[in-house]
Amino acid sequence: MERYNIKNIEKKWQDYWSKKKTNAVEVDKDKKKFYCLEMFPYPSGKIHMGHVRNYTIGDVLARYKKLKGFNVLHPMGWDSFGLPAENAARENNLHPKEWTKKNIETMKKQLKSLGLSIDWDREISTCDPEYYKHQQEFFLELYEKNLVYKKDTYVNWDPAEQTVLANEQVINGRGWRSGVMVERKKLSQWFFNIKKFSQNLLDELEKLKNWPEKVKLMQKNWIGKSYGCEINFKIFEENKFDKIKVFTTRPDTIFGASFIALSVDHPIAKNFERNKNFLAFKSECSKMGTTEEALANAEKIGFNTDLFAIHPLDKKIKLPIYIANFVLMDYGTGAIFGCPAHDQRDLDFAYKYKLKVLPVVRPKNIEVDKFTIKNEAFTEDGILFNSNFLDNLTVNQAIQKIINVITEKKLGNQKITFRLKDWGVSRQRYWGCPIPIVYNNKGDAIPIKKKDLPVLLPEDVDLNVKGNPLEKHTTWKYTTLSSGEKVIRETDTLDTFVDSSWYFVRFCSPKNEKYGYKLSDIKYWMPVDQYIGGVEHAILHLLYSRFFMRALAFNNKQFNYIEPFKSLFTQGMVCHETYKNEKNQWLYPNEVEKNSDGNLVTKKDKKRVVLGSPEAMSKSRKNIVDPEEMINIYGADSIRWFMLSDSPPERDVQWSLEGVSAAHKFIQKLWKLNSEILNKNKENSPFKSEDIELKKAVNKTIYNVTKNLDNFQYNVVVANIHEIYNLFYDHVINNKTSNNTLKNEWEKVTMLLMPLAPHLACECYEKINKKFYWPKYDPKLLDEENCIIVVQVDGRKRGTLEMPKNSKEAKIIEKSKEIDNVIKHIESSSIIKNIYIKNKLVNFITKK
RNA sequence: GCCCUCGUGGUGAAAUCGGUAGACACAAAGGACUUAAAAUCCUUGCCCAUUAGGGAGUGCCAGUUCGAGUCUGGCCGAGGGCACCA
């Protein structure tokens, strides 16, 4: 028998696919399209198991849809701008461009070795000027549409490195490289106006029927719509300051207000910039750290302005005005009224500064005189009191009434607020897409003319300077417009999330030079029919992509593809056991082995190894396995098979050598059985009941595999294949079936293998030499003539009965009562009721 | 703190509409083959029983139902998201 030589065979088919361009596609209006996309990788060096899983899942779908006759677009590219390239450049003295190029070459080769059905002619790379020049053009278009603007915001500033840090570069409030305390520094930066689409982004979420509910909920919470009202408070020292507008979702608690709090960045706070105490307070606030967690746990502190606001509904009440660290300028109006009895933060603040705590809502079942506020604010529903005309109303009734009153008296208005913030896209980095803006000597921003694009990223930079290398690159930074005007370039580059917000559009016309896309191409291919990736991108990447489509479609009569991803699938992570040595240091899996007692020891010096819980594979825990090494040992089909076999795709899977070796054995078994069946002679022997049994089983398998592929239940597909293999094996070993039936039916099984193990399937199918197809099942054959009826007594199974389908109820009851074990359980009691479910079950209810 | 999801053998998991729980695998134990090992194949799988069979059983406690892994309420546990959002 021929041995299945993995290396040669897998190489052979990969070369064949590549040479014949079997995966290259073009627009074909006569065919139904299917756009299958997996999130494109960052070229960090080598592929990891997470990639293997992601791309295997996508490839199964792409190949399956192709067999079903769809025109399948299945492209791949590189998210190739980003910080790691700059860090690697410094460490290895290699230019980011070279480092990136090298990594792409390696990873492309690795992806090809997985046997993915990618149309490599459509490969794109976001750091390629051919890609980012279109992005710069889009930026200018958004600028024209007023969807881009500049404003001052805070960044993490590392004073030692003289550079801006990303949030993940701040560890315990210190710069990751310098170890120096990070400061909050104000910089003028570019923003995309994503808030403009808040309501639409929220509304359209509901229409995304094939998105996981979890992801939709996360986006919904992120957008964070809340209903409330704005109320104007006049300031007692009226001549000095304007009124204060506050936002609240609990206007019903207005009579419990005891202070006003403003954000440090509130316009009124600016008037205290010369006050030493205020400056001290402000610097205290900026030292508190920039991470959200640090902010949330920080103590509530305030600065007393000695100003007072007048209660809008009772002029006798004067409320002290504080500037407080817990009020955010970029939510609501940057000002609140504090009602300590019904808000925990306000209560903490009130106790610290000895402010009044007046409860105005009591729980329904507690009387007014028995209700007091101690250390916990009462935030639930209840009945209003101490509240003038709101007394005795419920919270919701009171909210309605107070909004009406405030509106009538022109003291404020109903207001809907979103938590979603505008998208800051400026990055003070080298390795990113240059922002196509220059500044004249007055500091005005001037957009570059479209005909002058692209603004190329200079290659001769010194990455070892402190701060942003572009800012130090004087010959690039200072330039002259075609008009002769001397200008300074914007030295910020775009957030890499911008690159990935439209790459799926570019895949439709990857070589179109004139513009980012060709209209006829996207009209055919968009939207992405199935998008597959990790749940870690549930919010930002997906929301930004949804925004970008809206921004492109805004004021654009031709482009109306609002939702980019019709269906979304989020796959689980790849986990592995963790190992530590006696010194509590992590060990790689290939440093560990089992000794003869079955205990884990180090390979090197046979020292004890402590086994830890399985965790998501990560370099820091060293619980990683190199896909390339695994493919070399077991072959791509085995790796793919294992990735699909154990857990459902949406759940985490645990990598194990036992698992992958089992997959490998099964691939070999399939090949062996295939050879045996193909080597059998053709013969026309009579059709026996075993032939029918096999035919029916294959038919059922086609039905199940098709159904389970449609539902992403790939682990069950694997089980279906195992089952049908086991049946074939039994038939072959025991010579149960005629050779013709074996051959005919096996052919269909090899087609079912194609999406999962394409190399093996092609090799098996090669000798049959017919066109690939997706086998159809015969619904008539699914119907069994007989069915097995479960016989229960008092809800407990006491036997089964095989009967022709649709037998008469009376007949089944009669036969059921003849089963020995049933007789045993009914003879000492009387039957008071029969339950009969057609073709399924009989249940006798007895009474002693 | 708020919101969401999930709890099924030693392990990963199956289980249309409420209708035979544990398909399919991994691991383990026993056996066959073998000089031996590997590989391969077979059997077993919680409790009682020699077998036939019976019992318990899908995190825990209740409920609905002839019948609950599946539906309802409460509790416990694990994971994830958000986090001064007024």
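Just so we're on the same page: letters track the sequence lines, and every chain starts at 1.
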Asker: Among C41(B), A86(B), G54(B), find the nucleotide with the atom closest to the side chain of His825(A).
Answerer: G54(B)
Asker: Report yes if a side-chain nitrogen or oxygen of Arg796(A) is closer than 4.0 Å to either non-bridging phosphate oxygen (OP1 or OP2) of G57(B); otherwise report no.
Answerer: no
Asker: Check this for me, if you would: do Lys736(A) and Glu693(A) make a salt bridge, where the nitrogen-to-carboxylate-oxygen distance has to be below 4.0 angstrom?
Answerer: no
Asker: Salt bridge or not for Arg796(A) and Asp794(A), using N-O below 4.0 Å?
Answerer: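 Salt bridge: no.
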Asker: Below 3.5 Å between N/O atoms, which protein atoms pair up with nucleotides 62-73 of chain B? Just atom names and distances, please.
Answerer:
{"residue": "C66(B)", "atom": "O2", "partner": "Asn843(A)", "partner atom": "ND2", "Å": "2.5"}

Asker: From the list A86(B), A14(B), C82(B), which nucleotide is the closest neighbour of the side chain of Trp222(A)?
Answerer: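 Per side-chain heavy atoms of Trp222(A), the pick is C82(B).
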Asker: Find the distance Lys700(A):NZ to A14(B):C1' and express it as a whole number of Å.
Answerer: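 After rounding, the reported distance stands at 14 Å.
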Asker: Using the six-membered ring wherever Trp is involved, compare the ring planes of Trp423(A) and Tyr544(A) and label them parallel, tilted or perpendicular (cut-offs 30° and 60°).
Answerer: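 The arrangement is parallel - the two ring planes meet at less than 30°.
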Asker: On a whole-Å scale, what distance lies between the C1' atoms belonging to C41(B) and U34(B)?
Answerer: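 Their C1' atoms lie roughly 13 Å apart.
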Asker: Roughly, in whole Å, what's the span from CD in Glu380(A) to C1' in G1(B)?
Answerer: 13 Å
Asker: Just the rounded figure in Å: distance from C1' of C24(B) to CG of Asn708(A).
Answerer: 12 Å
Asker: Strictly below 4.0 Å: does Ser226(A) bring a side-chain N or O up to OP1 or OP2 of A86(B)?
Answerer: yes
Asker: Look at the side-chain N and O atoms of Asn821(A) and state whether any lies under 4.0 Å from the OP1 or OP2 oxygen of G53(B).
Answerer: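 Answer no for this pair, as no side-chain N or O of Asn821(A) is under 4.0 Å from OP1 or OP2.
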Asker: Say we look at C60(B) and A52(B): how far apart would their P atoms be, to the nearest angstrom?
Answerer: 29 Å
Asker: Under 4.0 Å, heavy atoms only, any strand: does Lys214(A) hit a base, just the sugar-phosphate, or nothing?
Answerer: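 Result for Lys214(A) = nothing.
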Asker: Is it the case that the side chains of Asn720(A) and Asn708(A) hold a donor-acceptor pair, with the cut-off being a distance below 3.5 Å and no angle test?
Answerer: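 Looking only at side-chain atoms, Asn720(A) and Asn708(A) do form a donor-acceptor pair, the distance falling under 3.5 Å.
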Asker: For the side chain of Met218(A), starting at C-beta, report the closest nucleotide among A15(B), C41(B), G81(B).
Answerer: G81(B)
Asker: When you get a sec, tell me which of A86(B), G81(B), C24(B) is the closest nucleotide to the side chain of Ile539(A)?
Answerer: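 Closest nucleotide to the Ile539(A) side chain: G81(B).
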Asker: Between Tyr322(A) and Tyr353(A), does the ring centroid distance fall short of 6.0 Å?
Answerer: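 Yes, ring centres under 6.0 Å apart.
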Asker: Using purine N1 to pyrimidine N3 plus N6-O4 or O6-N4 for Watson-Crick, or N1-O2 and O6-N3 for G-U wobble, each under 3.5 Å, what pairs with A36(B)?
Answerer: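 Because no pair has both required distances under 3.5 Å, A36(B) counts as unpaired.
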Asker: Judged by modelled atom types alone, do Tyr579(A) and Glu577(A) share a side-chain donor-acceptor pair under 3.5 Å?
Answerer: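 Yes, a side-chain donor-acceptor pair sits under 3.5 Å.
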Asker: Classify the side-chain pair Gln199(A)/Lys225(A) by whether it contains a donor and acceptor separated by less than 3.5 Å.
Answerer: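 Yes.
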Asker: Under a 90° cut-off about 0 for the syn range, is C41(B) syn or anti?
Answerer: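 For C41(B), whose glycosidic angle is more than 90° from 0, the conformation is anti.
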Asker: Between C2(B) atom P and Lys220(A) atom NZ, what is the distance in whole Å?
Answerer: 18 Å
Asker: With both distances under 3.5 Å as the test, what is the Watson-Crick or G-U wobble partner of A23(B)?
Answerer: none
Asker: Nearest to the side chain of Lys669(A), which nucleotide is it out of U20(B), G12(B), C41(B)?
Answerer: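 Looking only at heavy atoms from C-beta outward on Lys669(A), the closest nucleotide is C41(B).
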Asker: When you compare C75(B) with C3(B), how far apart are their P atoms, in angstrom units rounded to a whole number?
Answerer: 13 Å
Asker: Looking only at atom C1', what distance separates G77(B) and A83(B), rounded to whole Å?
Answerer: 23 Å
Asker: Is the glycosidic angle of G80(B) within 90° of 0, making it syn, or outside that range, making it anti?
Answerer: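 Judged by the O4'-C1' to base torsion, G80(B) sits in anti, the angle falling more than 90° away from 0.
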Asker: Can a donor-acceptor pair be found between the side chains of Asn715(A) and Asp646(A) at a distance below 3.5 Å?
Answerer: no
Asker: Roughly how many Å is it from NZ in Lys840(A) to P in G19(B), rounded to a whole number?
Answerer: 7 Å
Asker: For the side chain of Gln713(A), counting heavy atoms from C-beta on, which of A86(B), C24(B), A15(B) is nearest?
Answerer: A15(B)
Asker: Could you tell me the Watson-Crick or G-U partner of G73(B), where both distances fall under 3.5 Å? Say none if there is no partner.
Answerer: C61(B)
Asker: Report yes or no: do Glu615(A) and Ser613(A) form a side-chain donor-acceptor pair below 3.5 Å?
Answerer: yes
Asker: For nucleotides A15(B) and G63(B), find the distance between their C1' atoms and express it as a whole number of Å.
Answerer: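 Between the two C1' atoms, the distance is 24 Å.
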Asker: More 5' along RNA chain B: Thr248(A) or Ser656(A), using each one's nearest nucleotide?
Answerer: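 Checking each residue's closest nucleotide, the 5'-ward one belongs to Ser656(A).
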Asker: Considering only A14(B), G19(B), A86(B), which nucleotide approaches the side chain of Pro648(A) most closely?
Answerer: A14(B)
Asker: Which sits closer to the 5' end of RNA chain B, Val327(A) or Lys707(A), going by the nucleotide each is nearest to?
Answerer: Lys707(A)
Asker: Side chain of Ala719(A) only, heavy atoms from C-beta on: which candidate in C24(B), C3(B), A86(B) is closest?
Answerer: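 Nearest to the side-chain atoms of Ala719(A), counting from C-beta on, is C24(B).
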Asker: Mind checking whether Val357(A) and Tyr351(A) have side chains closer than 4.5 Å, heavy atoms only?
Answerer: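 SC-SC contact between Val357(A) and Tyr351(A) confirmed.
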Asker: With both distances kept under 3.5 Å, what pairs with A29(B), Watson-Crick or G-U wobble?
Answerer: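 Result: U43(B).
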Asker: Ring centres of Tyr634(A) and Phe642(A) under 6.0 Å apart?
Answerer: no
Asker: Can a side chain N or O of Arg651(A) be found less than 4.0 Å away from OP1 or OP2 on A14(B)?
Answerer: yes
Asker: When rounded to the nearest Å, what value does the distance between P atoms of A13(B) and U64(B) take?
Answerer: 34 Å
Asker: When you measure from the side chain of His722(A), which nucleotide among G12(B), G19(B), A25(B) comes out closest?
Answerer: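 The nucleotide sitting nearest to the side chain is A25(B).
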Asker: Please work out if Glu723(A) contacts a base, only the sugar-phosphate, or nothing of the nucleic acid, heavy-atom cut-off 4.0 Å.
Answerer: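 Here Glu723(A) touches the backbone only, sparing every base.
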Asker: Using the P atoms only, state how far C24(B) lies from G31(B), rounded to an integer number of Å.
Answerer: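 One P to the other, the span is 25 Å.
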Asker: To the nearest angstrom, how far is Asn726(A) atom CG from A14(B) atom P?
Answerer: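 Rounded to whole Å, this separation is 19 Å.
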Asker: Can you tell which of A86(B), A83(B), A27(B) lies closest to the side chain of Glu658(A)?
Answerer: A27(B)
Asker: Grab the CG-P distance between Asn720(A) and A25(B) for me, whole Å please.
Answerer: 11 Å
Asker: Please check the phosphate of G19(B) (OP1 and OP2 only) for any side-chain N or O of Asn839(A) closer than 4.0 Å.
Answerer: no
Asker: Give the rounded distance in Å between these two atoms: OH of Tyr729(A) and C1' of C24(B).
Answerer: 18 Å
Asker: Rounding to the closest angstrom, what is the interatomic distance between G45(B) and G30(B) at atom C1'?
Answerer: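 Between the two C1' atoms, the distance is 12 Å.
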Asker: Could you tell me which nucleotide pairs with A49(B) by Watson-Crick or G-U wobble geometry, both distances under 3.5 Å, or answer none if nothing does?
Answerer: none
Asker: Give one of base, sugar-phosphate or nothing for Thr249(A), where a contact means two heavy atoms less than 4.0 Å apart.
Answerer: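 Answer is sugar-phosphate: Thr249(A) comes under 4.0 Å of backbone atoms only.
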Asker: With a 6.0 Å cut-off on ring centres, are Phe255(A) and His311(A) close enough?
Answerer: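 Yes, they do, as the ring centres are separated by less than 6.0 Å.
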Asker: Which nucleotide, in any strand shown, forms a Watson-Crick or G-U wobble pair with C82(B), with both distances under 3.5 Å?
Answerer: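 G1(B) - that is the nucleotide pairing with C82(B), both distances being under 3.5 Å.
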